[in-house]
Amino acid sequence: MNTKPLRVSSCELGRGLFATCDYGPGELILRLSGPRFERDDPIHKTDAGANLLQTGKRTYILLGPPGVFANHSCDPNAGISHNRRLVALRSIVSGEEIRFDYSTTMDEEMWTMPCRCGAPGCRGVVEDFVRIPTKVQQRYLELGVVQGFIARKWRMRQEHAAGA
């Protein structure tokens, strides 16, 4: 599943995913996988629903270990490219917790959570990509770490606004 070993350990948020070696920017950390679910599946109303990763407008995968332990950050060191590839956004050193911005995978108007990432500039809430600041959206789009279906929708909105 992943190219280098990872470690799940305790952290201030409970348990987190940690690097056991160094990663360079753009390097693959982990291929995320799990069973597929649709938007209207009852799993969304269960505790397990919190571990769903949105991969399409109406599709999700239920993350299992170790990917399920990657916590959120408003200032992440990793991101998801090509819908299921967790990659380093900057250099990550061995022992560092690996975190991505959950908002880059959310476009559903179904779920939010209070943010406890502790990063400078923390937004205070994890919510859909469309609700995060435009400057942050643009940075993530430039880095290629926004789910494809969300990036296409964002670009269509921008083109529509420019043509109006």
Side-chain angles (χ1 to χ4, degrees), residues 1-20 23 28-89 92 94-133 136-137 140-141 143-154:
M1 291 268 187
N2 55 307
T3 56
K4 297 178 182 178
L6 298 164
R7 177 174 50 90
V8 175
S9 291
S10 295
C11 67
E12 68 272 7
L13 298 174
R15 293 196 297 177
L17 186 63
F18 290 82
T20 60
Y23 290 91
L28 176 66
I29 298 168
L30 176 67
R31 284 184 177 87
L32 300 167
S33 63
R36 183 176 178 212
F37 292 90
E38 296 293 322
R39 185 176 186 153
D40 58 354
D41 192 283
I43 194 169
H44 288 278
K45 293 181 168 86
T46 69
D47 289 343
N51 297 325
L52 290 167
L53 174 74
Q54 192 174 10
T55 57
K57 185 176 179 181
R58 300 188 51 80
T59 58
Y60 301 77
I61 59 172
L62 181 60
L63 294 175
V68 70
F69 294 106
N71 287 314
H72 165 82
S73 177
C74 293
D75 184 21
N77 58 7
I80 297 178
S81 70
H82 301 93
N83 286 358
R84 294 181 186 213
R85 296 170 45 96
L86 186 64
V87 298
L89 296 181
I92 298 173
S94 181
E96 187 175 351
E97 186 177 0
I98 297 168
R99 293 184 175 196
F100 73 97
D101 189 331
Y102 290 179
S103 294
T104 61
T105 67
M106 295 171 52
D107 182 45
E108 58 187 5
E109 303 284 334
M110 287 174 54
W111 183 85
T112 63
M113 75 177 214
C115 184
R116 300 184 302 140
C117 76
C122 174
R123 297 187 303 268
V125 65
V126 179
E127 56 192 336
D128 287 357
F129 183 76
V130 71
R131 299 201 188 292
I132 65 176
V136 177
Q137 290 174 335
Y140 288 147
L141 288 161
L143 290 168
V145 292
V146 177
Q147 296 292 59
F149 73 99
I150 297 172
R152 286 187 295 279
K153 183 177 176 180
W154 190 89

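- Residue pairs meeting the ring-ring contact (aromatic ring centres under 6.0 Å, His included) criterion with at least one member in residues 56-80, sequence neighbours excluded, are His44-Tyr60, His72-Tyr102.
- The side-chain hydrogen bond (donor to acceptor under 3.5 Å, both in side chains) check on Glu96 picks up Asn77, Arg90, with sequence neighbours excluded.
- For Arg131, the salt bridge (charged side-chain N to carboxylate O under 4.0 Å, His left out) test picks out Glu109, with sequence neighbours left out.
- To the nearest 0.5 Å, atom CD1 of residue Ile132 and atom CG of residue Asp101 are 5.5 Å apart.
- Shown here are the side-chain contact (heavy atoms from CB on, under 4.5 Å) partners of Asp47, two or more places apart in sequence or in another chain: there are none.
- Taking 4.0 Å as the cut-off between side-chain N and carboxylate O, Asp107 and Lys57 do not count as a salt-bridged pair.
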Using a 3.5 Å cut-off and no angle test, enumerate the donor-acceptor pairs between side-chain atoms of residues 79-89 and protein atoms at least two apart in sequence or in another chain.
{"from": "Asn83", "atom 1": "OD1", "to": "Gly148", "atom 2": "N", "distance (Å)": "3.0"}
{"from": "Asn83", "atom 1": "ND2", "to": "Thr55", "atom 2": "O", "distance (Å)": "3.1"}

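- Using a 4.0 Å cut-off between a side-chain N of Lys or Arg and a carboxylate O of Asp or Glu, Asp75 and Arg123 do not qualify as a salt bridge.
- For the pair Phe18 and Ile98, the minimum side-chain heavy-atom distance is 4.5 Å or more.
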* To do: Could you walk me through whether Ile43 and Leu62 pass side-chain contact (heavy atoms from CB on, under 4.5 Å), step by step?
  => CA-CA 9 Å; Ile43 194 169; Leu62 181 60; 3.9 Å; yes
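- Cys115 is not listed as a side-chain neighbour of Val125, based on a closest heavy-atom distance of 4.5 Å or more.
- With a 4.5 Å cut-off on side-chain heavy atoms, Arg39 and Glu108 count as touching.
- Taking the salt bridge (charged side-chain N to carboxylate O under 4.0 Å, His left out) definition, one finds that Glu97 meets it with Arg99, sequence neighbours left out.
- Under the 4.5 Å side-chain criterion, counting only non-hydrogen atoms from C-beta, Thr112 is not in contact with Val126.
- Expressed to the nearest 0.5 Å, how far OG of Ser9 lies from CG of Leu17 amounts to 9.5 Å.
- Residues Gly16 and Cys11 share a closest heavy-atom pair of N-SG, 3.7 Å.
- Of all heavy-atom pairs between Leu6 and Pro66, the closest is CD1-CG, 4.3 Å.
- For the pair Ile29 and Ile92, the minimum side-chain heavy-atom distance is below 4.5 Å.
- A donor-acceptor pair is defined here as one N or O able to donate and one able to accept, closer than 3.5 Å; such a pair exists between the side chain of Asn71 and the backbone of Arg15.
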* **Check against side-chain contact (heavy atoms from CB on, under 4.5 Å), Thr105 and Phe100** => CA-CA 10 Å; Thr105 67; Phe100 73 97; 4.1 Å; yes
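- A donor-acceptor pair under 3.5 Å is absent between the side-chain atoms of Gln147 and the main chain of Gly56, judged by distance alone.
- Side-chain contact between Leu141 and Trp154 is present, with at least one heavy-atom pair separated by less than 4.5 Å.
- At least one side-chain heavy atom of Arg58 sits less than 4.5 Å from a side-chain heavy atom of Asp40.
- Remark: side-chain polar atoms of Asp128 are not paired, donor with acceptor, to backbone N or O of Val130 under 3.5 angstrom.
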* Are Ile150 and Thr104 close enough, and set up right, to give a side-chain contact (heavy atoms from CB on, under 4.5 Å), and what steps lead you there? -> CA-CA 8 Å; Ile150 297 172; Thr104 61; over 6 Å; no
